[in-house]
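Single-structure report; data block below.
Note that ligands are numbered from 1 as they come in the structure, with each ligand's atoms numbered from 1 the same way. Quick caveat, the model's predicted, so the values are computed rather than measured.
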Amino acid sequence: MGNDQEPTMRCCQDIVMFPWFAMGHITPFLHLANKLAEKGCRIKMLLPNKAIQVIHHLNLHPHLITFHTIAVPQVEGLPLGTETASDIPISLAHLLAIAFDRTRDQFQATILHSKPDLVIYDLAHWVPALVKPLGIKSMSYTVVSAAGIAILLVPARNITKDKPITVAELSVPPPGYPSSTVVLRGHEVQSLLFVAQPFGDNGVTFYEKVTTSMHQCDALAIRTCSEIEANLCDYIGSQYGKPVFLTGPVLPELSTNMPLEDRWATWLGGFEPGSVVFCAFGSQLVLDKDQFQKLVLGFELSGLPFLVALKPPTGSSTVEEALPAGFCERVKGRGMVWGGWVQQLVILSHPSVGCFVSHCGFGSMWEALMCDCQIVLMPHLGDQILNTRLLADELKVAVEVERDENGWTSKESISKSIKLVMDKDSEVASTIKTNHTRYRQTLTTQGLMSRYIDKFFQNIQDLVRQK
Ligand SMILES: O=c1ccn([C@@H]2O[C@H](COP(=O)(O)OP(=O)(O)O[C@H]3OC[C@@H](O)[C@H](O)[C@H]3O)[C@@H](O)[C@H]2O)c(=O)[nH]1
């Protein structure tokens, strides 16, 4: 515990973590906790009970990382028993945000009792005001890319309740924005207008929540690395006028030595090295039936072997019942559409897999960068679009599937992109392969990730020592 009498001797040993109630946030917070525990920190994570049940097995240091249950209050309109974003459709997330803000008293009681040196949190914009008077430092930790923040969630946007942002304003990057490639195009802006909508107690908007969180804390942390997003991180730092500490992507140890399920090992083993196209769209996305059918028809049209792991589309209880007529017979022996969870990381490292078709969620973005498959991207929501621009247009390690001005894609566009990256004689395929190899080698350099954690650990020590 820090010693207020001897500020210069204080060290950051006791940390409270309070992530937004979504598994995509809670899991990376726990990965960071594991890394900090390796350095001797004691971490208390404040989480809903259901989340604790789901992730407790990922706690590698139970004697140092403890979970403290936060009861999620009932909010009108939120289904009974909702505790995390996984329990509800995305359209109800704003109600969960109200419940999240109403856990403030529980948070405060825990802080008063534990008196940590540092609170690491996200989206709980009221945390700095609660902990500062107690002499406790606070740090907002962004677990999505810097790209997902820099163009939208910065003070230069100046979105207020009285002056909601228009599509035209959002189409132009904010003043001083450092990239001409990581930008939004046409129809994509529509999907980001939600930032000006209420997302929490007392009508606070998503934009206010994030910008207040990032304004009022003592330092910012982002789960990325400068090899990929230096300019965007610098821009965020200059916008908020405070240090930005990078943790690196903090991926769990790549457990590719974990055996692949027999079913997939046998199936993939039947194909030539680098020939199979693998597709998965993360843990949340549910396509509508038309999009789902176009997608699988695109794989069929490519003529290549494929393994697609997707949730059943809207209105179907299985993927089988949603497949186009005659599809199974036509792709028999070379194509598989699976409606359940698969071991994405292990599959990506299988020698037969040569191409990854991804929605470019933040986790998948890093997994794509680290594997040696060709990458084809089909983003659907906010940060996935910006991650896609980063990989396809800035780093030039991937190809994005063409969409029309309504955001729709065709089976021909999907097949064209897959064939383009899989054609060994195509210049595009060879350029993205070369660039991808260069970034992969940089990111997998021995010691790179641990240097990020060492530096981050030092950063938080220095932070808590500041008056
Ligand atoms: O079948 C599967 C599907 C997915 N996965 C894993 O699940 C994880 C998915 O995480 P992603 O961040 O890529 O995507 P999600 O859609 O689940 O995330 C969500 O939060 C992060 C944001 O960037 C995304 O925009 C949002 O959708 C990856 O680690 C992937 O390897 C599997 O292991 N098997």
Side-chain angles (χ1 to χ4, degrees), residues 19-31 51 54-55 58 84-91 93 96 122-123 141-153 182 184 188 191-192 194-195 206 210 222-224 228-229 249-256 258-261 263-264 268 278-287 306-312 319 336-350 353 356-371 373 375-391 398:
W20 160 234
F21 295 161
M23 296 315 297
H25 291 235
I26 292 166
T27 311
F29 268 71
L30 178 54
H31 292 324
V54 174
I55 58 155
L58 299 175
T84 73
S86 315
D87 297 329
I88 47 170
I90 205 154
S91 56
L96 181 61
D122 71 345
L123 286 189
Y141 184 35
T142 298
V143 296
V144 296
S145 57
I149 295 286
I151 200 166
L152 201 60
L153 298 166
V182 183
L184 298 164
E188 293 167 352
S191 77
L192 292 164
F194 79 91
V195 299
F206 188 82
V210 175
I222 309 181
R223 182 190 172 208
T224 189
I228 302 293
E229 296 194 287
V250 205
L251 299 173
E253 303 308 323
L254 286 190
S255 45
T256 43
M258 190 196 289
L260 179 59
E261 267 185 80
R263 154 198 359 242
W264 303 125
L268 288 169
F278 169 66
C279 170
F281 285 168
S283 61
Q284 296 182 351
L285 196 65
V286 176
L287 297 174
F306 60 87
L307 168 58
V308 176
L310 285 181
K311 288 174 188 282
V319 285
M336 179 74 89
V337 182
W338 183 253
W341 193 255
V342 295
Q343 298 154 282
Q344 175 165 305
L345 214 48
V346 192
I347 288 176
L348 286 174
S349 68
H350 192 284
V353 177
F356 179 28
V357 179
S358 168
H359 70 320
C360 214
F362 195 55
S364 298
M365 172 183 119
W366 285 105
E367 290 163 17
L369 273 168
M370 302 289 201
C371 77
C373 301
I375 310 168
V376 171
L377 299 174
M378 297 185 66
H380 286 80
L381 294 173
D383 71 313
Q384 300 161 9
I385 296 171
L386 295 157
N387 297 341
T388 294
R389 292 295 129 73
L390 183 67
L391 262 55

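Checking side-chain atoms of Glu229 against main-chain N and O of Ala147 turns up a donor-acceptor pair under 3.5 Å. Under the 3.5 Å distance criterion, the side-chain polar atoms of Arg223 are matched with a main-chain donor or acceptor of Pro249.
Protein residues having a heavy atom under 4.0 Å from any atom of ligand 1 are Gly282, Ser283, Gln284, Trp341, Val342, Gln344, His359, Gly361, Phe362, Gly363, Ser364, Glu367, Asp383, Gln384, listed by chain and number.
Residue pairs meeting the salt bridge (Lys or Arg N to Asp or Glu O under 4.0 Å) criterion with at least one member in residues 379-389, sequence neighbours excluded, are Glu188-Arg389, Arg389-Asp393, Arg389-Glu400.
Every residue two or more places apart in sequence or in another chain was checked for a side-chain hydrogen bond (donor to acceptor under 3.5 Å, both in side chains) with Thr388, and none qualifies. Not counting sequence neighbours, the partners of His25 by the side-chain hydrogen bond (donor to acceptor under 3.5 Å, both in side chains) test are Asp122.
The aromatic ring centres of Phe278 and Phe306 sit 6.0 Å or more apart.
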